[in-house]
Participant: 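I am attaching a structure below and will ask some questions about it afterwards.
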Amino acid sequence: MREYNPKEIESRWQSEWKEKNSFGTGVKQGPKHYVLEMFPYPSGRIHMGHVRNYSIGDAIARFRRLQGFDVLHPMGWDAFGLPAENAAIKNKVHPAKWTRENIAYMREQLRKMGFSYDWAREVATCEPEYYRWEQQFFLDMYEKGLAYKKQSFVNWCPTCETVLANEQVEAGLCWRCDSPVQQRELEQWFLRITDYADELLADLEQLRGGWPERVLTMQHHWIGKSVGAEVQFEVEGSDKPLTVFTTRPDTLFGATFMSLAPEHSRVPELIAGRPEAADVLAFVDRVRSQDRIARTAEGGEKEGVFTGAYAINPVNGRRVPIWVANFVLADYGTGAVMAVPTHDQRDFEFATKYGLEKVVVIQPEGESLDPSSMKAAYDGPGKLVASGDFDGLNNEEAKWAIAEHLDKQGRGRKSITFRLRDWGISRQRYWGSPIPMIYCDECGTVPVPREQLPVRLPEQVEFTGEGGNPLARSEEFIHTTCPKCEGKARRETDTFDTFVESSWYFLRYCSAPNDQAAFVKEEVDRWAPVDQYIGGIEHAVMHLLYSRFFTKVLRDLGYVSIGEPFKRLLTQGMVIKDGAKMSKSKGNVVDPDALVQKYGADTARVFSLFAAPPEKDLDWSDRGVEGAYRFLNRTWNLIVSRLDAVKSAPALNAAELPADLRDVRRAVHKTLGKVEVDIGERYHFNTAIAAVMELVNTLSDDLNKRGELQGQAASVYREAFSFITAMLYPIAPHVTEELADLLGLEPLWKGAWPSVDAEAARDESIEIPVQVNGKLRGRVSMAPGTTKDEIERLAMEDEGVKTWVEGKQIVKVVVVPNRMVNIVVK
RNA sequence: GCCGGGGUGGCGAAACUGGCAGACGCGCCAGACUCAAAAUCUGGUUUCCGCAAGGAAGUAGGGGUUCGAUUCCCCUCCCCGGCACCA
């Protein structure tokens, strides 16, 4: 008998699939279905997280093809990014070469896993054929006012003279040279994602059901809509008021001072010529030199300094001192806060520390707050006091009453603020897509004309890790002519954030590799949106939010018809070993190559799907891998040992089978029904595999008793074996293709999911538990559909039950047909 | 601190709408095969009491709703992930 030889089988079927283009679109004629896994960063080698992610996606794609869908299942490379540049500095290898070699190696690794991708649509984001389109989108956005430039801060290493990413800052120091990192202000490009804040929030409702609830919640909080009011305070000695944002306009009468962010644009003017000026400047310098993380760390000391200036509370004319405080953020709200120490804990602490005035304006029911004895701020409900005409109002009503009052006076209005900020997309890096802009001394900022796209990255550059962006030192790149006046001009040397590339790649697959347009309308309309997206939970906010934003922008630009890119989302857990996430530094990585070498790709796939349901973390176990391998061997042996008998079996006559064969067939059809739901609806591959294992065990036991397979028994087994190949095909495609071939069946990549024969799956008799006072005391068997009265009678006659019921008073009998009986006695 | 997700045998897990807790796999124990081992096959395996039949306890801990709770509600503890003073 032939033995299971994964290496030989796998390479043969991988060649066959490639040769026949088995996974191109249009192979199946049914309705469209788009299955997508998050594309990898080409770091060098695939890791177990990839194996898991892509095994899940491949199982879904292959199952949908069996169901008759025309499936789009593409793969590509998120190929721009920091590690390529670091490798260039460290190993003197060009980022392009490094990246392309990594892609070639990893593509081969994925091919050896047998994933069913349509490689004809492969994209790599570092190629001009890809990034030219996002340069075009950027120009579109610029024209619509969605892309703009503004000053913002970056991490700057003064020794390396370069901008650092957040991950390159370790405890406030540069990761390369340990110099203290400074905050430097640069002009940078931004995309107006905040214009879409309301829609991004509202459309989360459409995704409910298809997306995990926790991801929706996280996005909800990230967008962070706050409803409140803007209030204008006149400033003594100035004709320009200061505006604050507050969610508590009801406490306005209790505002006793004001706090500004150190970066607030009015600070220099407020302190000009005052004795406090030097102290304020020193404070501002100190706070600004801290990195954001240190400044906002938990338990961080709340600090501030008085500016010497005063503002006027618009509702009661109170003079309120203006302070600068380290906890006020310049980029949230208006960068200025009205402080109400009695009803905001942070303001309470600040006022206590600096001896500032406290006034109670909300009194809770049945209590009387006194500022001098309060230990903490009171932020609950109550009635207004010391608030002029608003005294006695419930504080919730007062919010709107005061906001309206301010509106009438022209000193404020209802206002909504989002936590979401505009997306800064400028990076002072080489290995990214150039931003297609030109600076001319005469004409200012001029977009690159569309016919000149793509703006290509020059390949001749040096990587030293010092002196800023290598692109800025590339003479051939910087110098250009102004498209307007044809005078001398310079190119923008910043490149796009790599999140830009990953925000639209799923749409590009619909038309890749077309070089005439980013998308062909009919194609993108046919395939978008992605029906099932699969990836790590770590992308719950940024990548998924940016992709949703881009899709809406591309819709408004007329490129696509959809407003949401991903209909269903599956977030998979991490791969853990020895209680920690697999990582090189912990030394607990398992190399997929070695695994495939030893057991084959099918075993790696079975294990990664069997060990846990997709959304949970997966605990790696070498023993578990061997278990998966043994299961494939058992299945192989079961089928191959009976090949001759089942291949010569007569036609199946389902209506006239003896009881023992009806039992076998019932197990087969019941398993098929369960696997169909587990794979197709629940994505719980672990229980689907368990069900097939059970069936294999059942069939083995039956065959041991049965001996020779003859007549209708062989026919029943022929059906059983063909079902097993179909059920396992999404999970272990190579071995099942081989078995189907040995059984004389058509290749599974062309095949169809079998249908359950409801009659065959129907139970002839069922056994249900009988409880007495909730404790299991017996079991009774009956035909399905037996009446409640009859079930009760059978339960009462059961010997085990009788001993517990005799001599007691029966209070109640609960009968749930097909489930259980509970007899309540006293 | 806030938000989110969890806690079930020695281990990974299952129990989908409140209805037999522990399917399936791993490990372990015993047996078969073998000179022996590996591989494979067969049987057993939640804990406690009992030779057994059987009984009792049991899903982090405490309480509640219910004929019945791993599942629903309240409180407490622990673990993981995300965010970080959001006015």
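Every chain is numbered from 1, with letters handed out A, B, ... down the list of sequences.
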Participant: Quantified in whole Å, what is the C1' atom distance between nucleotide G62(B) and nucleotide C78(B)?
Facilitator: 15 Å

Participant: Dump the intermediate steps for ring pair (Phe, Tyr, Trp, His ring centres under 6.0 Å) on Phe348(A) and His343(A), then the final yes or no.
Facilitator: CA-CA 7 Å; Phe348(A) 184 90; His343(A) 304 295; over 10 Å; no

Participant: For nucleotides C16(B) and U70(B), find the distance between their C1' atoms and express it as a whole number of Å.
Facilitator: 13 Å

Participant: When you check the phosphate oxygens OP1 and OP2 of A87(B), does a side-chain N or O of Ser226(A) lie under 4.0 Å from one of them?
Facilitator: yes

Participant: Taking 4.0 Å as the cut-off, does a side-chain nitrogen or oxygen of Arg777(A) come that near to OP1 or OP2 on G54(B)?
Facilitator: no

Participant: When the C1' atoms of G43(B) and A37(B) are considered, how many whole Å apart are they?
Facilitator: 22 Å

Participant: Is the NZ or CZ atom of Arg568(A) positioned over Trp211(A)'s six-membered ring, under 6.0 angstrom from the centre and within 45° of the axis?
Facilitator: no

Participant: Say we look at A57(B) and G63(B): how far apart would their P atoms be, to the nearest angstrom?
Facilitator: 15 Å

Participant: Between Glu349(A) and Arg346(A), does any side-chain N to carboxylate O distance fall below 4.0 Å?
Facilitator: no

Participant: Can you tell me the Watson-Crick or wobble partner of G25(B), both distances under 3.5 angstrom?
Facilitator: C11(B)

Participant: I'd like a table of atom pairs between the protein and nucleotides 40-49 of chain B - only N or O on both sides, under 3.5 Å - with the distance next to each one.
Facilitator:
none

Participant: Below 30° counts as parallel, above 60° as perpendicular, anything between as tilted: where do the rings of Trp323(A) and Phe257(A) land?
Facilitator: perpendicular

Participant: Ion pair present between Lys788(A) and Glu792(A), side-chain N to carboxylate O less than 4.0 angstrom?
Facilitator: no

Participant: Once each nucleotide of nucleotides 2-9 of chain B is scored for protein heavy atoms under 4.0 Å, what B/S/- sequence comes out, 5' to 3'?
Facilitator: -SS-----

Participant: Please find out if less than 6.0 Å separates the ring center of Phe610(A) from that of Phe631(A).
Facilitator: no

Participant: Return the residues of residues 818-826 of chain A meeting this criterion: a heavy atom under 4.0 Å from some atom of RNA chain B. Order them by number, or give none.
Facilitator: Arg819(A), Met820(A), Asn822(A), Val824(A)

Participant: Ignoring backbone atoms, test whether Asn686(A) places a side-chain nitrogen or oxygen under 4.0 Å from the OP1 or OP2 oxygen of C24(B).
Facilitator: no

Participant: Find the partner of G50(B): check Watson-Crick (N1-N3 plus N6-O4 or O6-N4) and G-U wobble (N1-O2, O6-N3) distances, both under 3.5 Å, and reply none if neither fits.
Facilitator: none

Participant: Taking 4.0 Å as the cut-off, does a side-chain nitrogen or oxygen of Lys775(A) come that near to OP1 or OP2 on A57(B)?
Facilitator: yes

Participant: Evaluate whether atom CD of Glu767(A) has more than 12 neighbouring non-hydrogen atoms of other residues, nucleotides or ligands under 6.0 angstrom away.
Facilitator: yes

Participant: Taking 4.0 angstrom as the limit, do Glu205(A) and Arg208(A) come out as a salt bridge?
Facilitator: yes

Participant: Pairing check on G18(B): which nucleotide meets the Watson-Crick or G-U wobble criteria with it, both distances under 3.5 Å?
Facilitator: none

Participant: Residues of residues 667-685 of chain A with any non-hydrogen atom less than 4.0 angstrom from an atom of RNA chain B: list those, numerically ordered, please.
Facilitator: Lys674(A), Arg682(A)

Participant: Give none if A30(B) has no partner; otherwise give the nucleotide forming a Watson-Crick or G-U wobble pair with it, both distances under 3.5 Å.
Facilitator: U42(B)

Participant: C85(B) pairs with which nucleotide, Watson-Crick or G-U wobble, both distances below 3.5 Å?
Facilitator: none

Participant: Which residues pass the side-chain hydrogen bond (donor to acceptor under 3.5 Å, both in side chains) test with Asp602(A), sequence neighbours left out?
Facilitator: His734(A)

Participant: Using the closest heavy atom to pick a nucleotide of RNA chain B for each, name whichever of Pro769(A) or Ile689(A) lands nearer the 5' end.
Facilitator: Pro769(A)

Participant: Salt bridge check: are Arg666(A) and Asp663(A) linked by an N-O gap of less than 4.0 Å?
Facilitator: yes

Participant: Run the side-chain donor-acceptor check on residues 769-778 of chain A: report pairs under 3.5 Å with partners two or more places apart or on a different chain.
Facilitator:
unit_1: Asn773(A); atom_1: OD1; unit_2: Val825(A); atom_2: N; d: 2.9
unit_1: Asn773(A); atom_1: ND2; unit_2: Val825(A); atom_2: O; d: 3.4

Participant: Using purine N1 to pyrimidine N3 plus N6-O4 or O6-N4 for Watson-Crick, or N1-O2 and O6-N3 for G-U wobble, each under 3.5 Å, what pairs with A60(B)?
Facilitator: U76(B)

Participant: Can you check the distance between G18(B) and U59(B), where both ends of the measurement are the C1' atom (answer in whole Å)?
Facilitator: 15 Å

Participant: What do you reckon, is CZ of Arg682(A) surrounded by more than 12 foreign heavy atoms closer than 6.0 Å?
Facilitator: yes

Participant: Is it the case that Lys358(A) and Thr352(A) place a side-chain donor and acceptor less than 3.5 Å from each other?
Facilitator: yes

